[in-house]
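Written out below as structure tokens is the structure these notes cover.
To find a chain, count down the sequence lines: A is the first, B the second, and so on, and within it residues start at 1. Note that these values count all heavy atoms, side chains included, but never hydrogens, waters or copies made by symmetry.
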2 protein chains.
Amino acid sequence: MSRMSSTSRPYHHGDLRAALLKSAERTLREKGVGALSLRELARDTGVSHAAPGRHFKDKQALIDALALDGYERLNRALGAAADQPGLTFEGRMTALARAYLGFAVENPELLELMFARKHDPDGSAQLAAAVDQSLGSLTRMMADAQERGEIVAGDPERITTVAAASLHGLAALIASCALDAEEAMNGLDEHVHLLLHGLKPR
Amino acid sequence: MSRMSSTSRPYHHGDLRAALLKSAERTLREKGVGALSLRELARDTGVSHAAPGRHFKDKQALIDALALDGYERLNRALGAAADQPGLTFEGRMTALARAYLGFAVENPELLELMFARKHDPDGSAQLAAAVDQSLGSLTRMMADAQERGEIVAGDPERITTVAAASLHGLAALIASCALDAEEAMNGLDEHVHLLLHGLKPR
DNA sequence: ACCTGAACACCGTTCAAGT
DNA sequence: ACCTGAACACCGTTCAAGT
């Protein structure tokens, strides 16, 4: 009678799972993976310390869920960049690179988490699919370009790997603070140009 | 009188610090960063749980020491590869790449740790120097090549970044199991060739 | 100087019990 | 179905005390 809200909901939450994920991403962003604690998450969400166990069997399960959410956002960004019409191949490649690096700059801790070699063999099927989708945007672009003769012939997977390594390397160096983010973004056009035209003089 | 060894040494160890590091690297390799525990390390080394505190002010300090040791080994490998005589530029680049990827394949967990964005601002001066030395091998190689006109003109730092991102991307993808290690090693010559000659047809 | 042993404030995970 | 509260076995870190 004295409570103001949620007359019909059981306990505190309609969607504790979502609330926990939201809170987790916040502390991930602000304090890093090391500061993630199920108990603190429960406290912040106003729930008992055992409640998260109902929604995530493990701490790793929560981390995997964060990673999966990250991939979904990244894949939307990559897809949108790759599908832009009216661009040259180099233009599309640059747009894709910009989308990826932008994500890395905005979500460095999350990116690290997405690429960590942890992965619960149970829940990792979804994660594997999400990773494939990320590479998919790039693979399609390379296959298209190859058909049009805009890039060299050869095993398309190998060629995709070269491009992927170049972009992921930049993203990883940014996320780990080995490279200044702003500087990398400013040099991005030239980076892509060098990737396509090579380091050797023509 | 009844002990067989170390008649003059205090307690159990002549070099507890080294013993802890050795044990730590072993569990890092076998069970991952998440399994590192100062208390377990102390138990494995036959010492009280507070003893590690004398040698590492923090768990992070031990991790930083592991990372520093990793950089020292990596830098020796990179230096040896970069200084090989009688090679073309592409040959030296390939040797450097092979050294780096070899390290990544042999020490995936350690590499992840070396590139984690943690770094105690206190002890990180040494770490920063070690990182610089790693990049140094590559930077010198690029500067040499540029002088001889073997690679394109332009800001040498930018060009070094392109090569570094390409190699580090491969290494990171291998370490995170996103790329099959053997496959990547087999394709390494072609990878370097594409890096130098570009993805566009000539 | 180097280590011990107890203490403190945290964890993740499990499980009977409540609503 | 969903959550609580207590319990268990661990942590990292600190600090007086021992040798």
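For the pair A/Q84/A/R92, no side-chain contact is recorded, criterion being any heavy-atom separation below 4.5 Å from C-beta on. Side-chain contact between A/E90 and A/H197 is present, with at least one heavy-atom pair separated by less than 4.5 Å.
Scored by the side chain to side chain donor-acceptor pair (under 3.5 Å) test, A/S134 finds A/N75 as partners (sequence neighbours excluded).
Residue B/E157 forms a side chain to side chain contact (heavy atoms under 4.5 Å, CB included) with just one option from B/I159, B/D155, B/T160, and that option is B/D155. Among A/V192, A/L87, A/L195, the single residue meeting the side chain to side chain contact (heavy atoms under 4.5 Å, CB included) criterion with A/T94 is A/V192.
Listed here is the closest heavy atom pair of B/S48 and B/A42: O-CB, 3.5 Å.
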Encode nucleotides 9-17 of chain D as B, S and - characters from 5' to 3', where the letter depends on protein heavy atoms closer than 4.0 Å: B to the base, S only to sugar-phosphate, - to neither. --BBBBB--
5'-to-3' dot-bracket of DNA chain C (Watson-Crick, G-U; under 3.5 angstrom; crossing pairs as [ ]; | other strand): ||.|||||...|||||.||
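Ring geometry, B/H168 versus B/Y100: the interplanar angle falls under 30°, so the pair is classed parallel (tilted spans 30 to 60°).
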